[in-house]
Chemist: 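A single structure is presented below for examination.
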Amino acid sequence: MTDTSATPSATPAGGVDHRPQFFVKQKLTMMVNRYEIRAANPDGSEGGVIAIAQQKRMAFKEQVTFYADEARTQPVFSFKARQAIDLAAVYDVFDASGAAIGWFQKDFGASLLRSSFHLAGPGIDAYGQERNQAIAIIRRFVELPFAFHFDFTDKATGQLVMSSERQMSLRDRYTVTVPDTRVDFRLAAAMAVGLDALMQR
């Protein structure tokens with residue numbers, strides 16, 4: 001059951017719903033990739049479900065909507081590609097009312113050897129890459145559940161903005177840490193799911 005007390009607000013106070021840590025868990029089905037976004041308890045363990053998302057496979061123009069409930073009746077944020085079937089498409093992130101709160105884009109050229117992404121929002125201009133170059137290359141040729149890390153740093157200061165760590169498991173599970181208080185949870189969650197959804201492209 002979704003923990004509604006942890007549900008992201010449609011209009012958070014101050015305009016930013018910052019969460020320093022959360023978890024992303026993926027479940028594969030025949031037609032969709034399903035993601036659970038879970039809160040982090042004070043002790044670092046997994047808490048209740050914050051949002052549920054589904055990505056339709058082979059969609060002409062990708063869009064992923066995050067819902068507050070299992071029945072998927074209350075959308076709380078989303079991301080959508082600006083261009084259809086574009087390996088370097090920009091993905092805009094929207095709040096529940098449809099207002100843009102940021103965007104991300106895969107750096108397709110750099111990603112041939114090391115997956116890389118741009119991430120931007122109010123006051124944020126960051127760039128993210130896989131931390132380990134060797135693992136980045138090996139996993140392109142070997143289908144094993146490698147653990148790997150992504151670090152996003154501010155382009156101007158080099159400070160860590162966000163990190164996503166995939167656990168060593170058959171089902172994709174990520175620990176997402178967001179030390180930068182300027183980063184809205186919804187933007188961070190969209191980027192974390194985008195990392196998984198776009199990793200092999």
Side-chain angles (χ1 to χ4, degrees), residues 1-3 6-8 19-41 44-81 87 89 91 93-94 102 104-106 111 114-117 119 128-132 135-136 138-152 162-178 183-201:
M1 178 179 296
T2 302
D3 180 1
T7 298
R19 305 195 183 213
Q21 189 176 68
F22 57 91
F23 302 95
V24 177
K25 299 177 74 173
Q26 183 195 36
K27 181 179 179 181
L28 298 176
T29 68
M30 289 295 292
M31 297 302 296
V32 300
N33 294 336
R34 176 183 169 88
Y35 297 92
E36 287 184 357
I37 315 299
R38 290 185 169 270
N41 291 321
S45 62
E46 285 188 16
V49 174
I50 306 173
I52 300 289
Q54 286 192 177
Q55 174 211 21
K56 292 183 179 179
R57 295 185 180 181
M58 306 302 291
F60 179 67
K61 188 173 184 179
E62 269 191 309
Q63 178 172 0
V64 176
T65 301
F66 295 76
Y67 298 89
D69 57 329
E70 293 278 359
R72 303 193 303 279
T73 60
Q74 183 185 345
V76 285
F77 59 100
S78 63
F79 68 80
K80 183 177 182 180
L87 295 175
Y91 291 81
V93 183
F94 303 97
F104 61 89
Q105 180 185 29
K106 188 171 186 176
S111 295
R114 188 177 187 181
S115 293
S116 306
F117 290 83
L119 175 67
Q129 286 188 312
E130 290 182 75
R131 185 184 302 173
N132 190 309
I135 293 295
I138 292 171
R139 71 174 186 80
R140 281 156 171 75
F141 302 98
V142 181
E143 286 293 331
L144 290 175
F146 289 109
F148 56 82
H149 300 71
F150 266 87
D151 291 320
F152 288 81
M162 167 184 164
S163 67
S164 180
E165 177 182 355
R166 178 181 171 179
Q167 309 300 317
M168 180 73 79
S169 62
L170 293 177
R171 179 183 297 179
D172 290 347
R173 179 183 181 275
Y174 300 87
T175 300
V176 183
T177 305
V178 189
V183 181
D184 193 294
F185 158 73
R186 298 164 295 181
L187 179 60
M191 182 72 261
V193 169
L195 285 174
D196 185 272
L198 303 174
M199 190 72 73
Q200 302 303 326
R201 302 186 189 180

Chemist: Between Phe77 and Ala190, which heavy-atom pair has the shortest distance, and what is it?
Modeler: CE1-N, 4.3 Å

Chemist: Hey, does Arg19 have a side-chain heavy atom less than 4.5 Å from the side chain of Val178?
Modeler: no

Chemist: For a quick test of reading the model, state the closest non-hydrogen atom pair linking Ala188 to Val183 and the distance between them.
Modeler: CB-CG1, 4.0 Å

Chemist: Name all residues meeting the salt bridge (charged side-chain N to carboxylate O under 4.0 Å, His left out) criterion together with Arg34; count only those two or more places apart in sequence or in a different chain, and write none if there are none.
Modeler: Glu70

Chemist: Less than 4.5 Å apart, side chain to side chain, heavy atoms only: is that true for Asn33 and Gln26?
Modeler: yes

Chemist: Keeping Glu36 on the side-chain end and Lys25 on the backbone end, is there a donor-acceptor pair under 3.5 Å?
Modeler: no

Chemist: A side-chain contact here means heavy atoms from C-beta on lying under 4.5 Å apart; do Gln74 and Tyr67 qualify?
Modeler: no

Chemist: Please name all residues satisfying ring-ring contact (aromatic ring centres under 6.0 Å, His included) with Phe104, sequence neighbours left out, ordered by chain then number.
Modeler: Phe79, Tyr91

Chemist: For a 4.5 angstrom cut-off between non-hydrogen side-chain atoms, does Phe152 reach Met191?
Modeler: yes

Chemist: Is the charged tip of Arg38 near the ring of Phe23: under 6.0 Å from the six-membered ring centre and within 45° of its axis?
Modeler: no

Chemist: Do Phe66 and Val193 have side-chain heavy atoms sitting under 4.5 Å apart?
Modeler: yes

Chemist: Given the rule in the side chain to side chain contact (heavy atoms under 4.5 Å, CB included) test, do Phe185 and Ile37 qualify, once you have shown the distances and angles that lead to the verdict?
Modeler: CA-CA 11 Å; Phe185 158 73; Ile37 315 299; 3.7 Å; yes

Chemist: Which atom pair, heavy atoms only, marks the closest approach of Met162 to Leu119?
Modeler: SD-CD2, 4.2 Å

Chemist: Which atom names give the shortest non-hydrogen contact between Asn41 and Glu46, and what distance separates them?
Modeler: ND2-O, 2.9 Å

